[in-house]
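A, B, ... follow the sequence lines: proteins, then strands. Residue 1 opens every chain. As a basis for the values below, the full set of heavy atoms in this structure was taken, side chains included, without hydrogen atoms, waters or symmetry mates.
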Amino acid sequence: MRKRLYNVGAILKGLSITFGFMFRKRPTIEYPSVKKQHAPRFHGLHELRRYEDGKERCIGCELCSSACPANAITVIGAENAPGDRRSPGERYAARYEIDELRCIFCGMCEEACPTDAIVLTPRFEMSDLRRGSLIYSKERLLVPPEAGVGRAPDERPGGIPGDLGRVAEIKSTMDVAQGYSATWRGNILKTQRKGLTMIEPSRENGA
Amino acid sequence: MTAFWVLSVILIASAIWTISARKPVYSVVALLLNFAALAATYLTLSAEFLAVMQIIVYSGAILVLFVFVIALLSSGVAPFAAGPNRLPKAITPAIFVVLAAFGFLYYALKSVTAASIGAAGQAVAPIGAVGTADVFGSVADFGRALFTVWLLPFEVTALILMVAVIGVVLLAGDRAPYVATPRRARQVEREMREAILRGGE
Amino acid sequence: MIPFWAVVLIKSALLLFVVVTTFAYAMLVERKVLGWMQLRPGPNRVGPWGLMQPAADAAKLILKEDLTPKTADPLIYRLAPFISLLTAFSVYAVIPFGASADQGTWAIGNPNAGILFVLAIASIGIYGISLGGWASGSKYPLLGSVRATAQMISYELAMSLSFVGVLILAGTTSLDGIVNAQARWWFVLPQFVGCVIYVITAVAETNRAPFDLVEAETELVAGFHTEYSGLRFGLFFIAEYVNMLTVSCIATLLFFGGWNAPFGLAMVPGVVWFVLKVACFMFFYMWLRATLPRLRYDRLMAFGWKVLLPVATLNLVVTAIIVAYKG
Ligand code: SF4
Ligand code: SF4
């Protein structure tokens with residue numbers, strides 16, 4: 001009987017917790033209409049960058065391709081023609097493809113590249129209806145010359161089709177100055193749970 | 001009177017469906033219809049309480065148990081095949097029974113006084129108008145009759161049902177607690193040890 | 001003077017409209033409340049504040065394919081949702097939303113055995129679930145319906161017993177009379193135990209969380225309505241919500257004074273109070289669902305038979321003794 005009474009207490013406690021949650025701030029980001037501002041070094045869609053003079057940085061060395069743990073990159077290099085130099089080096093990438101469906105967004109390609117040609121941008125909206133169109137060709141990866149240096153392919157003038165809504169003024173949960181922190185997700189959860197007595201402090205600090 | 005005829009047809013048809021259905025669940029549905037029609041018949045006799053009780057007790061409790069058992073036992077079982085035609089053999093006793101039943105009915109109706117028939121007959125009224133308190137068939141009226149005039153039969157019935165319930169509990173009750181208490185457990189252990197020491201199996 | 005049948009017809013049509021609309025928005029509110037309690041916004045895509053969500057749901061359910069499994073029993077499979085729906089709605093024939101006047105009653109009918117009528121109809125409602133589960137011809141619905149049957153029979157007993165205390169105090173079985181008897185004291189005070197038992201059994205009767213063993217998705221997929229799709233599933237869904245609404249109405253009528261205003265705030269019409277009280281109950285339901293985990297089946301049955309039933313009986317006996325001693 002004592003145990004049963006205790007259970008009633010537990011039920012009441014549970015009810016009070018759920019009731020309190022009704023008035024708590026909800027962390028939901030209503031995605032298509034509101035977009036989260038990702039950290040500057042978020043691992044998203046790739047881009048192939050150029051030098052200031054418009055030359056491609058990529059020299060077709062295939063280091064990214066061999067570094068890629070997911071075998072997502074295909075590079076076929078070719079000699080630069082004397083009259084029409086694509087890159088400052090001897091060679092350039094005649095074909096450069098990334099299968100974004102294979103890619104695990106690890107950034108190894110970025111690390112491997114000797115010329116900082118391939119980089120990952122914070123762009124994350126790349127869903128498509130066909131698998132084929134998720135194999136990004138060089139044309140789609142390369143920063144267009146008229147877009148200027150360092151601007152992502154899908155930020156070219158006019159935007160990309162299907163880009164919905166505005167980018168919200170949502171403060172990132174991560175301190176941008178600190179750079180990427182692998183525990184930012186954990187931080188969100190902790191912020192949500194703050195004030196709940198259920199979490200013992202040792203766990204909160206220990207992990 | 002129209003209501004009576006319609007309900008009688010439903011009653012008889014559903015009763016026939018109950019016994020002739022090849023799937024047990026269809027029988028239950030037919031019986032449900034039958035009970036509903038019976039309750040409606042009670043209502044036309046302004047026996048409101050009886051009608052409601054008919055539904056609560058028979059449709060709501062007893063028949064639900066039928067469904068429970070039938071659903072458990074007959075799921076996936078093919079409907080009963082048509083058996084041998086027993087009508088030729090059964091027809092003579094059937095006629096005899098029907099005649100006897102009608103005989104009793106006739107005898108019973110003859111002994112009822114004309115006044116009481118009139119009282120029941122004029123009580124036919126729509127549902128909305130039934131049910132002011134202290135009227136024939138109302139809850140109050142029914143309760144008064146049950147606990148004054150018919151108190152003894154009522155209590156005896158309750159006792160009989162109680163006996164049935166106790167019987168069920170005894171028959172189907174807890175068989176498990178062979179080692180329920182620590183004392184009993186120790187006793188069982190001792191018996192086993194002694195049996196082993198004696199060199200049995 | 002409008003003829004009797006026309007009055008009934010108009011009242012029924014109005015009531016049907018009111019109940020269906022309430023159902024639709026109760027569903028929306030439930031999803032909202034559940035969302036808030038789980039730190040989500042709830043549906044908010046269709047219309048402002050998600051207000052068109054019920055219409056979207058209805059359109060979706062209507063447009064979906066209505067499947068009948070090959071192993072199903074076609075007649076009963078099709079019949080079952082209608083039994084559920086019919087019983088769910090017909091209870092409203094006797095539920096008074098406000099005080100009766102000389103001109104007529106709020107309820108369609110006001111039978112003397114009102115509360116018994118409600119019980120009777122509620123006890124038939126289970127056929128929709130048990131027959132539907134059986135007729136689906138597959139194992140999860142069957143298990144769901146068998147559970148439903150056992151659960152509802154068990155809890156109906158305690159529920160009826162919790163009514164009887166109120167009936168003894170009110171001295172009548174008509175819902176009108178019961179509410180009028182609460183003009184001074186709501187029965188929740190003298191019948192607190194009965195009220196608690198009623199609320200618990202009501203949750204079990206409507207197969208709602210934490211007693212929703214009937215459609216326990218962790219073990220039974222979707223329970224008795226696993227095979228149902230489209231509009232037929234929708235009918236079961238409506239029936240469940242309307243039943244929720246019904247038990248909330250009954251709780252209001254029996255224990256919380258019906259349309260009687262609290263604290264003498266009589267300038268607000270009784271109907272408003274009634275609706276408010278029912279709304280509180282509906283909220284309580286949603287709150288429970290957001291909070292409590294599902295019971296284990298054997299514990300559910302044990303709780304019904306070994307705790308609720310004895311306590312309800314005791315409550316009845318004590319009430320009867322006190323009333324007999326005083327009166
Ligand atoms: S991010 Fe990683 S997986 Fe993706 S292409 Fe670069 S190396 Fe391969
Ligand atoms: S992107 Fe970099 S690593 Fe890859 S082929 Fe071009 S230069 Fe080499």
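- Neither the backbone nor the side chain of Leu157(C) comes within less than 4.5 Å of any heavy atom in chain B.
- Per-residue counts of heavy-atom pairs under 4.5 Å with chain C were compared for Val57(B), Leu63(B), Val28(B); the largest is that of Leu63(B).
- In this structure, OG on Ser59(B) lies 9.5 Å from CD1 on Ile121(C), to the nearest 0.5 angstrom.
- Using a 4.5 Å cut-off between heavy atoms, Val29(B) contacts chain C through its side chain alone, with no backbone atom that close.
- Counting heavy-atom pairs under 4.5 Å between each of Val64(B), Leu65(B), Val67(B) and chain C puts Val64(B) at the top.
- For Ala122(C), no part sits under 4.5 Å from any heavy atom of chain B, backbone or side chain.
- Contacts classified as salt bridge (charged side-chain N to carboxylate O under 4.0 Å, His left out) and involving residues 72-93 of chain C (residues at least two apart or in different chains) are given here: Lys23(B)-Asp73(C).
- Distance check: Ile124(C) CD1 to Phe35(B) CZ gives 10.5 Å after rounding to the nearest 0.5 Å.
- Taking CD1 from Ile56(B) and CG from Leu116(C), the interatomic distance works out to 5.0 Å, rounded to the nearest 0.5 Å.
- Proximity to chain B is limited to the side chain of Ile126(C), based on heavy atoms less than 4.5 angstrom apart.
- Counting heavy-atom neighbours within 6.0 Å of Tyr140(C) OH, excluding the residue itself, gives a total of 12 or less.
- For Arg299(C), there are no salt bridge (Lys or Arg N to Asp or Glu O under 4.0 Å) partners at least two apart in sequence or on another chain.
- For Leu32(B), the part lying under 4.5 angstrom from a heavy atom of chain C is the side chain only.
- Heavy-atom contacts from other residues, nucleotides or ligands closer than 6.0 Å to CZ of Phe236(C) number more than 12.
- Looking at Ile76(C) and Tyr26(B), their side chains come closer than 4.5 Å, going by heavy atoms from C-beta outward.
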